[in-house]
Amino acid sequence: MIKLNSETERPSRRCRVPWLLVLLVLVAVMALVIERWRGQWALNGWERQMATKGEIFDATRLWPPPSARSLEFSNRLAQAIGQLPPGLANYAGQLSAIVPEQPGQGRRGSQEQFPPRSQRGTSANTWRDLDALIGQAQFPLESLRQLMKDPPADMGYDVMEKLGTDSFPNFANVRRGAQALHAAAMNDLHNGNLAGALENLTALSAFVKLYADDPTLVNLMIRVAITGLSVDVHWDALQAKGWTEPQLAKLQKACQDDKLLLVQMSRSLEAERVIRIHDLAWFRSHSYEAWVARYQKIFQSFGWQPSTGAAGPVRCWRQCVFHPLWKFAWADQEDLINLRNIQGEIMILREAAKHGSWLALNQQMEAHYRNYRPPLAAWRFYVALPLHDEFPGIIGGSVASPHTYPYPEFSRAWSVTMKNLTLHQMVSAAIALKRYELRHGQLPQNLALLAPEFLPEAPHDFMDGQSLRYRLNGDGSFTLYSVGDDGRDDGGDPSPAVFVEKPQHGSPWAGRDWVWPRAEARVKASES
């Protein structure tokens with residue numbers, strides 16, 4: 001009797017096992033469906049809430065529509081750049097108009113015996129050669145000057161097409177055009193041609209407005225770099241004698257659009273947000289292998305070898321198991337987590353446009369990164385997108401925060417922007433001081449006296465959010481400075497913040513404070 005019961009129970013147990021497995025599968029599928037629904041509901045609700053507050057997630061609303069005028073401008077710019085003599089590349093972008101003598105003092109690069117270049121090649125390095133190259137480039141340089149009298153605000157491309165092909169415009173022609181004008185201005189200053197230098201400097205300053213409505217981060221950083229490039233040649237120009245007050249007024253007017261860059265920091269991050277939304281959508285609609293292949297090509301085009309992407313069993317696991325599950329159940333949740341983090345950074349940048357302080361911006365960003373907490377059950381998410389989130393390191397951003405923040409962060413971009421804006425404010429202040437001196441026969445007692453006759457407002461120090469520091473010296477000169485990286489006023493101390501046995505004065509802006517250099521006289525020797 002006992003044996004009979006035992007034999008009848010075994011088949012029933014064997015029958016229950018498949019049903020239990022089926023039940024477990026159904027429960028797992030139901031859980032994944034619930035996760036998918038929960039992610040979609042939360043993401044859609046958050047985006048609707050943000051949209052009512054004015055946030056933009058649609059690329060066609062953030063980017064300006066394409067225009068025939070901008071397309072024509074880009075073609076004419078490319079044509080002008082193509083006509084520049086190849087030899088000019090040995091000088092354009094490499095000339096230093098401030099030759100540091102010692103902390104707080106510098107020599108005019110345009111008055112050196114030989115053109116001061118950051119990289120010396122094997123080719124001839126003389127003013128005579130540069131003058132000959134500028135002579136050969138007169139037609140394309142004149143085209144550049146004419147083009148920059150009315151630069152378009154948009155680039156004239158269809159953003160949806162570019163997002164689909166992952167092929168945003170190359171800004172190489174913009175950079176090369178600015179560098180050519182910089183070299184031409186240096187050559188004019190060497191020859192004592194202030195009128196020619198004024199025309200080239202005015203065109204160079206106009207690059208701040210070029211493509212100003214294009215929200216991409218690369219565009220912003222190109223214009224920031226050109227703003228920094230123009231600082232030293234303005235310093236050189238202001239040491240020359242013979243300027244008239246109307247000439248300086250024209251030069252100053254060209255320099256007054258620099259704050260445009262400040263308000264565009266947050267918009268460039270808005271563009272990065274839209275691009276990431278599109279990239280996530282592409283990731284979830286393709287296989288893991290297709291994603292890796294896509295970004296390996298991008299890395300290789302820059303000559304870089306990606307360090308991630310997983311290999312062997314991990315790559316197989318992602319391709320065959322994890323990625324399909326993630327696409328179905330957790331992609332929307334990951335999108336929302338990322339959007340909330342980027343939103344925090346955008347709000348900090350918007351606040352920075354109001355207070356104009358790198359010190360405050362950096363502190364708020366650091367707090368944002370420190371306060372990041374990984375999501376619950378983080379194993380469900382990629383968090384950092386494979387290969388994609390390494391890419392900012394190639395184009396000059398920061399790959400990762402020193403904290404546990406897993407996403408790309410762009411503190412270095414914001415730091416460079418605030419620094420170059422501060423230096424450019426010093427340019428505007430120095431021009432205004434020279435105008436004041438020409439009109440009144442003496443320097444002002446303080447910078448407040450420059451407004452509103454010579455400046456709309458007191459020049460701003462974007463490092464700490466205060467006005468630039470200024471004082472008259474007993475010998476009739478002045479000291480104009482920013483508090484620099486640390487945001488601390490050291491009284492205009494230009495000495496290096498860190499002691500080194502053999503200091504390298506490669507940059508005039510490497511001191512405890514960034515001091516507008518005093519010019520050291522040097523007799524220009526004749527060239528053989």
Side-chain angles (χ1 to χ4, degrees), residues 39-67 70 152-164 168 208-209 211-221 223-224 257-282 331-358 360-365 367-369 371-372 392 397 405 407-411 413-414 417-418 421 460 462 465:
Q40 291 176 339
W41 179 82
L43 177 62
N44 292 335
W46 186 86
E47 286 185 334
R48 284 195 300 270
Q49 180 185 8
M50 291 295 104
T52 60
K53 297 180 179 180
E55 297 297 333
I56 298 175
F57 304 101
D58 181 1
T60 58
R61 291 181 56 201
L62 195 60
W63 270 260
S67 68
S70 297
D154 66 284
M155 285 200 71
Y157 61 84
D158 185 334
V159 63
M160 297 309 298
E161 177 186 344
K162 297 299 181 183
L163 284 171
F168 277 85
V208 175
K209 297 183 291 185
Y211 303 145
D213 288 346
D214 184 90
T216 57
L217 180 60
V218 174
N219 173 43
L220 174 67
M221 296 316 298
R223 289 157 55 222
V224 166
D257 292 312
D258 59 342
K259 289 187 179 179
L260 197 64
L261 302 172
L262 180 68
V263 299
Q264 290 176 339
M265 290 194 300
S266 61
R267 196 183 61 162
S268 68
L269 198 55
E270 290 178 49
E272 287 295 311
R273 175 174 65 186
V274 169
I275 293 171
R276 192 178 183 92
I277 290 172
H278 183 273
D279 287 342
L280 267 171
W282 195 97
D332 286 319
Q333 293 184 43
E334 176 137 17
D335 200 0
L336 178 58
I337 291 168
N338 177 70
L339 287 174
R340 283 173 169 164
N341 280 288
I342 293 180
Q343 185 66 32
E345 295 184 55
I346 291 172
M347 297 304 292
I348 292 171
L349 291 174
R350 288 174 182 167
E351 187 65 24
K354 299 175 183 177
H355 57 63
S357 167
W358 163 247
L361 168 59
N362 191 44
Q363 290 173 346
Q364 291 170 353
M365 281 293 186
H368 177 75
Y369 300 142
N371 293 335
Y372 169 80
Y405 196 69
Y407 304 110
E409 54 97 354
F410 301 97
S411 292
W414 317 140
T417 300
M418 301 293 256
L421 281 173
H460 195 80
F462 288 98

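Computed from heavy atoms alone, side chains included, the values below leave out hydrogens, waters and symmetry copies.
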- Message: As an exercise, state the distance from OG1 of T417 to CG of L220, rounded to the nearest 0.5 Å.
- Response: 5.0 Å
- Query: Taking atom OG of S411 and atom CG of L361, what is their separation to the nearest 0.5 Å?
  - Reply: 7.5 Å
- Task: Take D213 and M155, measure what side-chain contact (heavy atoms from CB on, under 4.5 Å) needs, and give me the verdict at the end.
- Result: CA-CA 8 Å; D213 288 346; M155 285 200 71; over 6 Å; no
- Hey, does the side chain of H355 reach the backbone of A360 with a donor-acceptor pair shorter than 3.5 angstrom? no
- Contact summary for P215 and P64, nearest pair of heavy atoms: CD-CD, 4.4 Å
- Message: Pairing donors with acceptors under 3.5 angstrom, does anything connect the side chains of E345 and Y405?
- Response: yes
- Query: Is the side chain of Q264 donor-acceptor paired with the backbone N or O of A212 at a distance under 3.5 Å, no angle test?
  - Reply: yes
- Are W63 and D154 close enough that some pair of their side-chain heavy atoms sits under 4.5 Å apart? no
- Do NZ/NE/NH1/NH2 and the carboxylate oxygens of E270 and R61 come within less than 4.0 Å? no
- Message: Any non-hydrogen side-chain atom of D214 less than 4.5 Å from a side-chain atom of Y157?
- Response: yes
- Measure the CH2-CG distance between W46 and D335 for me, rounded to the nearest 0.5 Å. 9.0 Å
- Does the side chain of I346 reach to within under 4.5 Å of the side chain of E272, using non-hydrogen atoms? no
- Message: Between N341 and I337 (side chain of the first, backbone of the second, donor and acceptor by atom type, cut-off under 3.5 Å), is there such a pair?
- Response: yes
- Check whether any side-chain heavy atom of P408 lies under 4.5 Å from a side-chain heavy atom of R276, and answer yes or no. yes
- Under-4.0 Å salt bridge between E47 and R273: no
- Message: Contact between Y211 and P152 at the side-chain level, heavy atoms closer than 4.5 Å - yes or no?
- Response: yes
- Is there side-chain contact between I275 and L163, with at least one heavy-atom pair below 4.5 Å? yes
- Task: Give the C-alpha distance, both sets of side-chain angles, the deciding distance and a yes or no for side-chain contact (heavy atoms from CB on, under 4.5 Å) between N44 and D332.
- Result: CA-CA 9 Å; N44 292 335; D332 286 319; over 6 Å; no
- What distance separates I342 CD1 from E409 CD, expressed to the nearest 0.5 Å? 12.5 Å
- Query: Does some side-chain heavy atom of L349 sit less than 4.5 Å from a side-chain heavy atom of R267?
  - Reply: no
- Looking at E334, Q333, R340, which one forms a side chain to side chain contact (heavy atoms under 4.5 Å, CB included) with L336? R340
- From CG (N362) to OG (S357), nearest 0.5 Å: 9.5 Å
- Message: Between F410 and M265, is there a side-chain heavy-atom distance shorter than 4.5 Å?
- Response: no
- When rounded to the nearest 0.5 angstrom, what is the spacing between CD in Q343 and CD1 in I348? 10.5 Å
- Nearest heavy-atom neighbours spanning M418 and G356: CE-C, 3.9 Å
